[in-house]
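All values reported here derive from a predicted model rather than from experimental measurement. These numbers come from the heavy atoms of this one structure, side chains and all, not from hydrogens, waters or symmetry mates.
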Amino acid sequence: MIKGYAGRVLEVDLNNRTYAFKPLDDDIARLYIGGKGYGTRLLYDMTEPGIDPLGPDNPLIFATGPLNGSVAPQSNRFAVVCKSPLTGGIGNAACGGSFAYGMKRGGIDILVFKHQSAKPVRLDIDGDAGEVRFIDAADLWGKGTYATQEVLGKKKYHAVIGPAGENKVLYAGIVSNERIAGRTGVGAVMGSKLLKAISVNGSRKLDMDDEEKFKEYTKWVREMFRHHPVLGEKLKRYGTAGIVNTTNARNIIPTHNFKYGHHKDAMNVSGEYMEDHELVGIKSSCIHCPVTCGRDVNLEGVGRVKGPEYETVALLGPNLEVLDLKKVAEWNYLADDLGMDTISLGATLSFTMELQERGMLDAGLHFGDQSGVSDMIKDIGHRRGLGNDLADGVKRMSEKYGGHEFAMHVKGLELSAYDPRGSFAQGVEYATTNRGGCHVQGASMYLESTGPLTINPQNLKLKADIPMLQQNLACAINSMVLCIFTTYGLIPKAVHNLDPNSLTYKLAALAFENSGPLMRTAMRIKGKPMLWFEKWLTYITGETFSSGHLQEIGGRIFNLERMYNLREGLTGKDDTLPPRMLHEPTFKHMQSGHPLPQLLPRYYKLRGWDADGVPTKRTLERLNVRV
């Protein structure tokens with residue numbers, strides 16, 4: 001068995017209330033690491049094409065990786081994989097909190113739920129004893145995620161759903177502590193199984209190949225993080241909402257259902273404003289993470305709660321033309337307690353407001369008007385009245401009410417809070433990412449337009465290269481399983497300290513902008529591990545991992561996801577952006593929107609796909625992707 005793994009897969013049959021511990025497959029672990037990669041391999045092999053995502057044949061897979069259970073910063077996250085009820089394609093989401101740590105303490109790498117329970121149930125897993133108890137969950141059914149976890153107590157590690165998951169809201173998520181695996185509707189799949197909560201405990205310790213080197217190196221990494229301008233300063237001080245002013249200045253923050261990329265009052269929902277006016281504490285909800293990007297705010301009638309992240313602030317703030325941080329915090333709390341994705345929620349509300357604005361639907365929701373929003377969020381979570389339609393997301397609403405041209409989704413997944421007209425590489429990433437319009441499957445915008453060394457966001461250089469390399473890296477990161485923020489440390493402090501008006505900065509940006517062939521070659525080299533996550537993986541498992549190894553593994557995972565989508569009917573025709581993004585300019589000098597038609601053929605070529613976006617036989621064989 002490879003070091004770093006517990007060596008066990010727990011399979012649970014919810015219909016028959018049986019379970020079995022099985023050995024981890026070393027071959028899959030070597031090819032796909034763990035987390036999202038291992039989960040995707042299982043999903044592909046366990047299911048037939050065309051299954052109902054909310055039916056008994058869709059497995060719900062919780063997956064950890066070899067870094068989980070260690071003290072490596074940002075390493076205690078788990079991945080959830082299933083067929084998405086929102087998109088009909090590959091579904092996955094990642095979550096912090098403490099559940100990944102609990103799984104590894106319980107000696108479990110992968111947790112697979114099959115079929116559906118006949119009545120609400122929760123599971124209590126004793127990893128040390130190798131026992132699973134099926135407990136009636138009628139008393140918890142209907143409770144929010146906060147109350148549910150309070151009842152379950154603090155002695156074990158939990159993953160739960162709220163009313164949104166119970167009612168199969170198609171963008172419901174799964175919550176651990178105050179963190180949520182929010183995207184693609186994984187919570188709806190858990191709700192379809194009548195599985196309210198999972199609790200796990202154990203006392204196993206992670207077995208490493210070279211624990212001393214790991215510990216010594218981790219001390220250095222923690223110190224590096226502590227002094228890094230983003231990981232140790234900006235995120236620690238302002239949280240993720242510290243990026244509001246950057247995206248607003250660069251015409252990227254979604255405003256008025258993505259009609260614009262700038263709002264004159266965006267500062268009122270920024271991390272800086274939160275620090276000055278709303279912040280009542282700083283904390284990290286994830287174990288062993290020194291970044292502490294979580295914010296706490298005071299909510300009237302509730303008390304101290306988790307403050308909103310950037311995506312929530314942008315999509316429930318400027319995107320709705322509501323620049324009131326207290327209201328955004330309230331809506332964030334409602335969504336978290338109901339257990340639903342605030343990205344899809346914000347995009348669905350803004351789409352509904354534009355339908356209202358155009359006279360296509362009487363929803364009682366208007367841009368810039370706070371009234372009715374809280375009630376609608378509750379109605380969505382409980383599928384009451386018009387909330388029943390909003391619970392199905394933007395794509396299905398546009399099919400029912402019209403408005404396809406301003407329905408902000410890709411493959412059925414609502415866009416996250418970066419307008420691709422101000423970040424062309426991010427637009428390519430949105431269009432091609434297998435789970436749909438998501439930013440954390442690559443985060444191309446950070447290398448292109450929101451990071452410290454911005455290249456021209458509106459020429460075509462690197463705009464196909466960056467998404468491919470970043471998507472591969474993100475697949476590997478999500479299989480270890482690490483937080484995507486670890487990649488923010490790739491840009492050293494010296495670059496952050498450059499004066500944007502200096503000649504040195506301009507030359508560095510120019511060099512980066514023209515580095516495509518060199519960067520692709522360098523990232524393929526299978527040499528010694530250089531970066532922290534490569535070294536951690538090497539010290540823990542005893543096998544060598546470098547950038548070249550991770551690019552290959554990430555490419556393998558990405559192409560397997562692609563083959564799954566093709567099997568389920570999603571094709572190259574779905575690699576597109578909303579018509580508003582393609583045809584409506586946001587900058588005065590632009591004649592149209594995003595130039596995706598010019599960039600997509602190059603991206604396909606770099607991927608080794610044919611003109612229709614299908615991986616060639618040669619590509620699949622090179623990456624050892626079995627289909």
Side-chain angles (χ1 to χ4, degrees), residues 2-5 33-35 64-77 96 98 100-101 104 205-240 242 282-294 443 446-447 451-453 470 473-474 476-498 508 522-523 525-551 553-554:
I2 311 169
K3 296 291 180 69
Y5 296 88
I33 303 179
T64 66
L67 268 60
N68 301 138
S70 75
V71 296
Q74 303 177 320
S75 67
N76 280 292
R77 297 177 66 81
S98 62
Y101 186 76
K104 292 300 279 284
K205 293 184 178 180
L206 192 67
D207 185 20
M208 301 185 188
D209 180 71
D210 196 329
E211 189 170 359
E212 288 306 311
K213 279 188 178 179
F214 171 83
K215 286 181 177 179
E216 190 62 31
Y217 185 66
T218 299
K219 289 179 183 177
W220 180 87
V221 175
R222 284 181 170 275
E223 194 65 19
M224 184 270 285
F225 277 14
R226 190 172 291 114
H227 293 97
H228 191 271
V230 175
L231 299 174
E233 297 174 20
K234 190 169 185 178
L235 274 174
K236 185 181 288 288
R237 183 173 179 182
Y238 303 123
T240 60
I282 300 175
K283 67 175 184 177
S284 170
S285 295
C286 302
I287 296 174
H288 303 311
C289 181
V291 177
T292 60
C293 66
Y446 187 69
L447 288 184
L453 188 65
Q470 287 291 97
L473 178 58
I477 291 290
N478 286 328
S479 298
M480 294 181 195
V481 183
L482 273 176
C483 176
I484 193 67
F485 286 167
T486 197
T487 62
Y488 284 17
L490 291 173
I491 301 178
K493 188 174 183 178
V495 175
H496 286 267
N497 291 339
L498 288 175
M523 294 293 278
I525 297 174
K526 294 180 181 178
K528 293 182 179 180
M530 301 293 290
L531 299 169
W532 48 97
F533 42 83
E534 298 165 5
K535 291 187 177 182
W536 282 332
L537 204 53
T538 300
Y539 294 150
I540 289 176
T541 65
E543 305 200 357
T544 301
F545 290 92
S546 65
S547 294
H549 293 97
L550 296 185
Q551 281 292 315
I553 293 169

Give, for atom [atom1] of [X] and atom [atom2] of [Y], the distance between the pair rounded to the nearest 0.5 Å.
| X | Y | atom1 | atom2 | value |
| --- | --- | --- | --- | --- |
| R222 | H227 | CZ | NE2 | 14.0 Å |
| T538 | H549 | OG1 | NE2 | 8.5 Å |
| S75 | M480 | OG | CE | 11.5 Å |
| I2 | D207 | CD1 | CG | 12.5 Å |

Min side-chain heavy-atom separation [X]-[Y] under 4.5 Å:
| X | Y | answer |
| --- | --- | --- |
| M208 | L206 | yes |
| L473 | L490 | yes |
| P73 | T218 | yes |
| Y539 | D209 | no |
| L67 | I540 | yes |
| I553 | F545 | yes |

Can you list, pair by pair, the side-chain donor-acceptor contacts under 3.5 Å of residues 526-535, counting residues two or more places apart and other chains?
residue: K526; atom: NZ; partner: E552; partner atom: OE1; Å: 2.6
residue: K526; atom: NZ; partner: E552; partner atom: OE2; Å: 3.4
residue: W532; atom: NE1; partner: T486; partner atom: OG1; Å: 2.7
residue: E534; atom: OE1; partner: M530; partner atom: N; Å: 2.7
residue: E534; atom: OE1; partner: L531; partner atom: N; Å: 3.1
residue: E534; atom: OE2; partner: S547; partner atom: N; Å: 3.2
residue: E534; atom: OE2; partner: S547; partner atom: OG; Å: 2.7

Which atom pair, heavy atoms only, marks the closest approach of [X] to [Y]?
| X | Y | answer |
| --- | --- | --- |
| V291 | Q74 | CG2-NE2, 3.4 Å |
| P452 | I491 | CG-CG2, 3.5 Å |
| G35 | V481 | CA-CG2, 3.6 Å |
| A100 | N68 | CB-CG, 4.3 Å |
| N478 | L482 | OD1-O, 4.0 Å |

message: Please check: side-chain N/O of Y5 versus main-chain N/O of I33, any donor-acceptor pairing under 3.5 Å?
response: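 The answer is yes, because a donor-acceptor pair under 3.5 Å joins these two groups.
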query: Does K234 reach the main-chain N or O of T240 with its side chain, forming a donor-acceptor pair under 3.5 Å?
result: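 Looks like no, no N/O pair under 3.5 Å.
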message: Among residues at least two apart in sequence or on other chains, which ones pass salt bridge (charged side-chain N to carboxylate O under 4.0 Å, His left out) with E216?
response: none
- prompt: Between Y217 and W220, how do the two ring planes meet: parallel, tilted or perpendicular, split at 30° and 60°?
  reply: parallel
- request: Hey, can you tell me if W536 and F214 have their rings parallel, tilted or perpendicular (30° and 60° cut-offs)?
  value: tilted
query: How about K3: does its NZ atom have over 12 heavy atoms from other parts shown lying under 6.0 Å from it?
result: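 Atom NZ in K3 is crowded, with more than 12 foreign heavy atoms closer than 6.0 Å.
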field: Note: E211-K215 ion pair, threshold 4.0 Å (strictly below)
entry: yes
